[in-house]
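First the structure, in the form of structure tokens, and then the observations on it.
Just so you know, these numbers come straight off a predicted model, no measurement behind them. Residue numbering restarts at 1 for every chain, and letters A, B, ... go by the order of the sequence lines.
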Amino acid sequence: MWIYQKKLEYPLKIMKPNARAAKIIMTQYGGPDGELGASLRYLSQRFAMTDKNVIGTLTDIGTEELAHLEMICSMVYQLTRNLSIEQIKAEGFDDYFVDHTTGIWPAAATGVPFSSSTFQSKGDPITDLSENMAAEQKARTTYDNILRLVDDPEVREPIKFLREREIVHYQRFGESLRKVQDNLNSKNFYAFNPSFDKNFNKNCID
Amino acid sequence: MNCCTDREMMLRRLQAADFAIIDVGLYLDTHPTCPHGLEYFRRARAERDAVLREFEAAYGPMTMDNAAAECSWDWVNKPWPWELEG
């Protein structure tokens, strides 16, 4: 279960509305490499994981991603406060506005709705951890691109924080993958699924 | 960033103290016997607990179970995390 803390993971105070930036940043909520997909990916994969430390890593990173999507949603909320209709039209927010006004809804920057088809939970620890390392890099690239597109320091600082967290998570998933591989049965030379093909998995059970 | 009300200043101290726990916790997930990591975690938790007590005494509950629940239901009091003060 989870308990809500009434704060963001990192300070956020964006005073200047910017609908164009909001639409770009929203992609890290509901887009293909966003925080919602990240959190659901890791929290779903936990159940097929064998190693207790890696279960901990998936739980804790999956939980941190929930804090990240809350930061992204908060940024979109603050960037779309007090917009005039003229600003909404001039800053290209009218197509989002017609369906959602300024409500927060998970979609990519292009308007494609959030989909679980953007991530996998394959039931194989090695496959899943390899996916997670790629996922952290894809999110890091997205944050790099956001930093190329946005100038306001009040927006850039929290985005830089989120970018750095992708790098830390990539490191932890790399360590997790190494740990799972080190604990494979020596007969499992080709890295069969240590979760399902349990005859290859004897050394993984504490 | 625009700085800061007293509440925002103390909230930042709490966010920093909590972040130390989040980050060292992830480190310990993959380095579970590192003595420096374990020592850092214990110190970070003690500091976070002190800042959290100070924050909640001044500005109200951080989690629902710490609501005062006296004259009214203070858990729902503004500001919620995404709301801008002032």
Query raised in the report: Does CG in A:D151 sit with more than 12 non-hydrogen atoms of other residues, nucleotides or ligands closer than 6.0 Å?
Result: no
Query - Heavy-atom contact with chain B under 4.5 Å, split by part of A:K7 - result: both
Query raised in the report: Would one find more than 12 heavy atoms of other residues, nucleotides or ligands at under 6.0 Å from atom CD of A:E91?
Result: yes
Query raised in the report: Is it the side chain or the backbone of A:Q171 that comes within 4.5 Å of chain B heavy atoms, both, or neither?
Result: neither
Report task. Measure the OG1-NZ distance between B:T5 and A:K13 for me, rounded to the nearest 0.5 Å. Result -> 6.0 Å
Query raised in the report: Are there more than 12 heavy atoms of other residues, nucleotides or ligands under 6.0 Å from atom CZ of A:F161?
Result: yes
Report summary line: Between the CG atom in A:D60 and the CD1 atom in B:I21, the distance rounded to the nearest 0.5 Å is 12.0 Å
Query - Main-chain N/O of B:I22 paired with A:E64 side-chain donor or acceptor, under 3.5 Å - result: no
Query - Residue-level interface, residues 97-110 of chain A with chain B, non-hydrogen cut-off under 4.5 Å - result: none
Report task. Give the minimum heavy-atom separation between B:D29 and A:G56, together with the two atoms involved. Result -> OD2-O, 3.3 Å
Report summary line: Interface check, chain A: of B:D65, B:L11, B:D23, most non-hydrogen pairs under 4.5 Å belong to B:D23
Report task. Could you go through the side-chain contact (heavy atoms from CB on, under 4.5 Å) check for A:R178 and B:T30 one step at a time? Result -> CA-CA 10 Å; A:R178 195 180 65 222; B:T30 54; over 6 Å; no
Query raised in the report: For B:H31 and A:E175, what are the C-alpha separation, side-chain angles and deciding distance, and is it a side-chain contact (heavy atoms from CB on, under 4.5 Å)?
Result: CA-CA 9 Å; B:H31 303 78; A:E175 292 159 356; 3.3 Å; yes
Requested in this report: Taking the side chain as every heavy atom from C-beta outward, state whether A:S74 and B:W80 have any atom pair closer than 4.5 Å.
Outcome: no
Requested in this report: Please look at A:Y77 and chain B and tell me whether the side chain, the backbone, both or neither of the residue comes under 4.5 angstrom of a heavy atom of that chain.
Outcome: side chain
Query raised in the report: Can you tell which of B:L26, B:L28, B:T63 has the highest number of heavy-atom pairs within less than 4.5 Å of chain A?
Result: B:L26
Report summary line: So, the part of A:F173 with a heavy atom under 4.5 Å from chain B: the answer is neither
Report task. Against chain B, label A:R165 side chain, backbone, both or neither, depending on which of its atoms sit under 4.5 Å from a heavy atom there. Result -> side chain
Query raised in the report: Do B:E8 and A:P11 have side chains that get closer than 4.5 Å, going by heavy atoms?
Result: no
Query raised in the report: Relative to chain B, which segment of A:I55 carries a heavy atom at a distance below 4.5 Å: side chain, backbone, both, or neither?
Result: neither
Requested in this report: Please state whether the side chain, the backbone, both or neither of A:L8 comes within less than 4.5 Å of a heavy atom of chain B.
Outcome: both
Requested in this report: Answer yes or no: is there a side-chain heavy-atom contact under 4.5 Å between A:Y4 and B:M64?
Outcome: no
Query raised in the report: side-chain contact (heavy atoms from CB on, under 4.5 Å) between B:Q15 and A:Y10: does it pass, once the steps are laid out?
Result: CA-CA 6 Å; B:Q15 284 166 317; A:Y10 185 91; 5.7 Å; no
Query raised in the report: Less than 4.5 Å apart, any side-chain heavy atom of B:D18 and any of A:Q5?
Result: yes
Report task. Would you sort out whether A:R81 and B:L84 count as a side-chain contact (heavy atoms from CB on, under 4.5 Å), showing the intermediate values? Result -> CA-CA 10 Å; A:R81 282 166 77 246; B:L84 295 164; 3.0 Å; yes
Requested in this report: Any chance you could measure B:M62, atom CE, to A:K6, atom NZ, to the nearest 0.5 Å?
Outcome: 8.5 Å
Query - Side-chain heavy-atom pair A:M75, B:W82 within 4.5 angstrom cut-off - result: no
